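Keep in mind that this is a model prediction, so the values were computed, not measured. Counting starts at 1 for both ligands and their atoms, following the listed order. In what follows, residues are counted from 1 in the order of the sequence shown. These numbers come from the heavy atoms of this one structure, side chains and all, not from hydrogens, waters or symmetry mates.
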Amino acid sequence: MIVLSLIVPFPITGAYVDANRSIKLFVFGDSYVDTGNRDSTARSWKEPYGITYPRIPAGHFSDGQVFTEYIASRMGIKSPTPYRFRKLRPIKYGMNFAYGGTGVFDTLVAAPNITKQIDLFEQLVQEKIYTTDDLKFSTALVSASGNDYGIYLARGGSLEGLPAFIVSVVNQLGSDLQRIHDLGVPRVAIMGIQPLGCLPQFTKEYSYEKCNSTGNLVALFHNLLLTTMVEELKPESKFVVLLMYDAFISAMKKFENETGDFPIFM
Ligand SMILES: *[C@@H]1O[C@H](CO)[C@@H](O)[C@H](O)[C@H]1NC(C)=O
Ligand SMILES: *[C@@H]1O[C@H](CO)[C@@H](O)[C@H](O)[C@H]1NC(C)=O
Ligand SMILES: *[C@@H]1O[C@H](CO)[C@@H](O)[C@H](O)[C@H]1NC(C)=O
């Protein structure tokens with residue numbers, strides 16, 4: 001919670017005037033924010049996912065809460081209903097269109113990429129499920145936390161080709177953010193990438209004791225381009241980048257300081 005208050009750089013609480021009409025959160029992206037859109041064959045519906053919160057597997061790719069739930073809670077609203085449950089649960093807190101394992105471009109997971117997720121949102125706006133008025137005090141949270149790069153490497157893409165690929169991911173992401181904004185969501189927060197080289201798949205080569213510097217450089221380059229791109233989008237609008245890289249490093253540093261374990265720095 002303390003970390004979040006540092007990294008959410010604009011006030012997102014108490015913005016609504018009509019008591020009957022809640023402020024809303026619309027969520028797009030991957031497993032860092034998905035709260036149950038993948039079907040029951042996905043790992044997120046099996047233990048150990050969900051065992052800390054909500055104590056049974058519930059379609060979140062975490063044993064506890066995912067980022068959506070922290071953000072919704074700081075906005076003072078309930079976590080928005082996953083798109084898959086839109087006919088069963090309240091939609092007044094917004095909606096979650098994120099699918100774990102997906103990316104800006106298609107990945108190996110057969111679920112909607114971010115473009116397609118925005119199509120689903122657009123459809124609800126066209127059907128007036130959410131009116132312009134409903135969207136007036138809404139915020140979007142977008143997570144593109146590296147599946148595109150994981151798939152790029154898994155498909156045998158070269159390290160030399162990575163910078164150009166990162167540019168294409170960030171450019172596509174820029175159009176996605178602009179599109180969400182143009183559909184009527186005034187504030188759009190995009191999560192930067194966490195230190196990718198500290199994910200278990202990369203630390204395995206160092207017996208989980210050190211991060212892979214190439215992975216972290218990919219994340220840093222992505223974040224640099226993302227920040228530059230967001231600044232150029234529309235200076236008068238409320239686009240923000242959430243500094244996930246710094247938040248992860250600060251949490252890891254704290255852990256290292258407290259335990260003497262995991263000297264992560266390269
Ligand atoms: C997203 O998925 C759709 C298929 O559902 C595909 O046609 C489109 O090219 C994809 N978009 C990107 C940016 O990869
Ligand atoms: C990091 O990971 C990449 C991709 O798996 C690998 O090519 C590289 O050798 C690893 N180590 C370093 C120090 O970059
Ligand atoms: C490191 O840990 C010590 C004692 O556990 C604490 O006093 C200090 O503030 C910590 N430093 C950082 C940078 O977290």
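Remark: minimum distance from atom 5 (O) of ligand 1 to any protein heavy atom is reached at Lys116 CD, 3.4 Å. In terms of protein heavy atoms, atom 4 (C) of ligand 2 is closest to Phe202 CE2, 4.0 Å. Scanning the protein for heavy atoms near atom 2 (O) of ligand 2, the closest one is Asn212 ND2, 2.4 Å. Remark: minimum distance from atom 7 (O) of ligand 2 to any protein heavy atom is reached at Leu159 CD1, 3.9 Å. In this structure, atom 12 (C) of ligand 1 lies nearest to the protein heavy atom Asn113 ND2, 3.6 Å. For atom 14 (O) of ligand 2, the closest non-hydrogen atom on the protein side is Thr214 OG1, 2.3 Å.
Judged purely by atom type and a 3.5 angstrom limit, Ser138 has no side-chain atom pairing as donor or acceptor with the backbone of Lys24.
Between Phe26 and Tyr130, the two ring planes are perpendicular [angle over 60°; tilted spans 30° to 60°].
A heavy-atom separation below 4.0 Å is not found between Ile114 and ligand 1. In this structure, Tyr149 falls outside the shell of residues with a heavy atom less than 4.0 angstrom from ligand 2.
Within a 4.0 Å radius of atom 9 (O) of ligand 2, the protein contributes no non-hydrogen atoms.
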Under the salt bridge (charged side-chain N to carboxylate O under 4.0 Å, His left out) criterion, do Arg179 and Asp119 qualify, and how do the steps go?
CA-CA 10 Å; Arg179 202 176 143 214; Asp119 291 347; 2.6 Å; yes

